[in-house]
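In this text the structure is predicted, and so the values were computed from the model without any measurement. Both ligands and their constituent atoms are indexed starting at 1 by order of listing. Residues take their numbers from the sequence shown, with the count starting at 1.
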Amino acid sequence: MRIRRPTEPRPSEITPPSVYAERRNVLKALGLGLSAGWGATTGALTLGANALTTPARTALVTIPSPLSTRETPSSYTDITTYNNFYEFGLDKSDPAANAHTLKPRPWKVTIDGACDKPGTFDLDELIKPHALEDRIYRFRCVEAWSMVIPWVGFPLGALLKRFAPDSRAKFVEFTTLQDPLQMPGQRRAVLHWPYREGLRMDEAMHPLAILAVGLYGAALPNQNGAPLRLVVPWKYGFKNIKSIVRIRFTERAPATAWNTAAPEEYGFFANVNPAVDHPRWSQAQERRIGGGNSLFTARLDTQLFNGYGAQVAPLYRSLDLRKWF
Ligand code: MTE
């Protein structure tokens, strides 16, 4: 029998109904129905009882995911103004101020490496076969702050399967756009550009790993990684690579941006783990961003695998998590 951990929500409890009731009303009023895809209108989209409002943006047509957390989402303002995106500067406020130079359409993505059906695709064509889901995920940064983010995305594994990875495909490498005109921060050698990340194949195929194209029911703002970014909720934030232009199946673990820059501080796996400290600070607790006043932000005990252990711990059964951090 499967025993539910106290932190694991019941499927019926997962999505705050108010969040979606309001959305359904908005979509009904707009005549968009509930099939997944890109909406055709603009306007403020208010998401339920929390009165969290996105600025006027094109609404995405989505379905709720049973994999969402029940926790209250962080505000749209916090999610879109407190960012890490070194291609646009090193301060948390820099991406919101500077990412307007990024042009998220038209956008091409190459999928290649150890697979039978490689190719380069227009992003909208690439997304089309996938139903867009609302997935509210906890997000834990390695700098010991966290948020709860209502993503719009679809399972990474479903996309990967379409390109028929072959028996050599043991890992997946992701690469961000390299274009210093659109990403002026790439003129400074703070990281080895372009930003790269990677997952083991079984991690990439896990249903919790998604590619996000939106948040709060609308397209991703540039600072959050438009038009396509990875979201792997049981890992530290730096695994969540933004503005992806290439996905490559590889035989060996790919070199990744932070692991290359500081291997003793940032491991390839980067699973959230309160028992394994960063060499320069503890990872046992986190500060939940929100409420507008940092003095009163909640301090929480960080959970192994960011609270997703019931789902992902089996992936690491044979791994020493202290050695493979
Ligand atoms: N992707 C790229 N291309 N460049 C970056 O600097 N920063 C990473 C990750 N993805 C980063 C990136 C880090 S350190 C974090 S914590 C998350 O993006 C932050 O995502 P957010 O700004 O949407 O919260």
dist F88:CZ -> N222:CG (nearest 0.5 Å) comes out at 6.5 Å
Taking the side chain from R168 and the backbone from F249, do they hold a donor-acceptor pair closer than 3.5 Å?
-> no
Check: Is K128 close enough and on-axis enough to F121, meaning under 6.0 Å and within 45°, for cation-pi?
Finding: no
(message) Could you tell me if R196 sits above the aromatic ring of F174, with its cationic atom closer than 6.0 Å to the ring centre and no more than 45 degrees from the axis?
(response)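 No, R196 does not lie over the aromatic ring of F174.
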Next on the checklist: The criterion is side-chain contact (heavy atoms from CB on, under 4.5 Å); which residues satisfy it with D112, sequence neighbours excluded?
Outcome noted: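 If we apply the side-chain contact (heavy atoms from CB on, under 4.5 Å) test to D112, skipping adjacent residues, the hits are T110, P118, R246, R248.
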W258 ring center within less than 6.0 Å of Y266 ring center: yes
Lining ligand 1 at under 4.0 Å, by non-hydrogen atom distance, are residues N83, N84, F85, Y86, E87, F139, C141, T176, Y195, N224, R229, G237, F238, N240, I241, K242
